[in-house]
Amino acid sequence: MDARDPDLKQELDAALQTRKELGAEYESELVDSFMEKVEQRFNDTADRHVRRQLAEQQMATARGARPYATGTQPDQSHGLGVGERFAFVGVSLVLAIPLSAIGVVNEGLPGLLITWAGIFGVNAVHAMGGFSWLRRGRKEEESGVQVPRP
């Protein structure tokens, strides 16, 4: 356990001490309780990071700069911002929890592997810019220009 999060370390120590006192019959409840606290801590941290990135992006936009654009020319804005990428990954990881549970309950280990292969695939396609058709549609709506699609 990292010393950067003493509250979480205290929670783990308390859960381990409680397990020693109560015995193994309450182990699953203690683990579930601790994991809920870890998940809540992760969600809080992710929310904080996303809010900070969005605020930085809004500040840069207000100043006239285009942050995080990955286009090669200054007037190209087809890049995804760090906030958008982080939010996509965060949402996919949060959704991975119930999807993993569904996969395991219905198909066991093969279901879990298929679920995570799908999650990996969606994130890989997103990271490579494979959802460019979504950005193109968003740009058309913002500019008001209708571009015919092949």
Side-chain angles (χ1 to χ4, degrees), residues 1-16 27-150:
M1 190 59 41
D2 195 358
R4 289 182 286 174
D5 198 349
D7 293 337
L8 204 52
K9 184 175 182 340
Q10 273 185 327
E11 291 289 338
L12 179 59
D13 291 340
L16 292 174
E27 187 171 324
S28 65
E29 288 85 2
L30 291 170
V31 170
D32 289 343
S33 173
F34 179 73
M35 289 307 296
E36 285 176 14
K37 292 173 184 171
V38 170
E39 183 179 354
Q40 182 62 43
R41 184 70 47 98
F42 171 78
N43 289 338
D44 292 345
T45 303
D47 288 344
R48 216 174 21 254
H49 285 290
V50 169
R51 281 194 303 266
R52 183 173 59 228
Q53 290 294 332
L54 290 175
E56 289 174 3
Q57 190 173 8
Q58 288 172 349
M59 290 289 289
T61 302
R63 292 182 183 141
R66 281 208 320 272
Y68 314 121
T70 60
T72 57
Q73 301 295 326
D75 62 341
Q76 289 180 327
S77 62
H78 62 274
L80 285 176
V82 172
E84 289 180 50
R85 290 180 183 164
F86 188 79
F88 188 86
V89 170
V91 166
S92 69
L93 287 176
V94 168
L95 291 175
I97 296 168
L99 290 173
S100 296
I102 292 168
V104 168
V105 167
N106 289 322
E107 294 297 324
L109 183 60
L112 180 65
L113 294 176
I114 291 169
T115 301
W116 276 96
I119 292 166
F120 175 80
V122 168
N123 280 286
V125 169
H126 181 265
M128 293 186 305
F131 297 133
S132 61
W133 56 274
L134 286 174
R135 290 191 303 277
R136 182 176 58 225
R138 189 179 347 156
K139 278 194 258 184
E140 290 171 6
E141 289 175 6
E142 291 173 358
S143 66
V145 176
Q146 290 293 327
V147 178
R149 292 193 176 115

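Note that the coordinates shown come from a computational prediction; the quantities given were computed from them, not determined experimentally.
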At their closest point, which heavy atom of Pro98 faces which heavy atom of Leu95, and how far apart are they?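 Here Pro98 and Leu95 meet closest at CD-O, 3.2 Å.
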Rounded to the nearest 0.5 Å, what separates atom [atom1] in [X] from atom [atom2] in [Y]?
X      : Y      : atom1 : atom2 : result
Ile114 : Leu109 : CD1   : CG    : 10.0 Å
Leu16  : Leu30  : CG    : CG    : 9.0 Å
Ser92  : Asn123 : OG    : CG    : 3.5 Å
Asp13  : Phe34  : CG    : CZ    : 9.0 Å
Ile119 : Leu99  : CD1   : CG    : 5.5 Å

May I have all residue pairs that pass salt bridge (charged side-chain N to carboxylate O under 4.0 Å, His left out) and include part of residues 36-50, sequence neighbours excluded?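 The answer is Asp5-Arg41, Glu11-Lys37.
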Is it the case that the side chain of Thr61 and the backbone of Gln57 share a donor-acceptor pair, with hydrogens and angles ignored and the cut-off at 3.5 Å?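 Between the backbone of Gln57 and the side chain of Thr61 there is a qualifying donor-acceptor contact (under 3.5 Å).
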Qualifying side-chain hydrogen bond (donor to acceptor under 3.5 Å, both in side chains) pairs, either residue in residues 95-111, two or more places apart: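 For residues 95-111: Ser100-Trp116.
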A side-chain contact here means heavy atoms from C-beta on lying under 4.5 Å apart; do Val38 and Leu8 qualify?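 SC-SC contact between Val38 and Leu8 confirmed.
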Side-chain contact, heavy-atom cut-off 4.5 Å: Val94 with Asn43?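 Of all side-chain heavy-atom pairs linking Asn43 with Val94, at least one is under 4.5 Å.
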Mind checking side-chain hydrogen bond (donor to acceptor under 3.5 Å, both in side chains) for Glu27 and listing every partner two or more places apart, or none if nothing turns up?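 Glu27 satisfies side-chain hydrogen bond (donor to acceptor under 3.5 Å, both in side chains) with Arg19 once adjacent residues are dropped.
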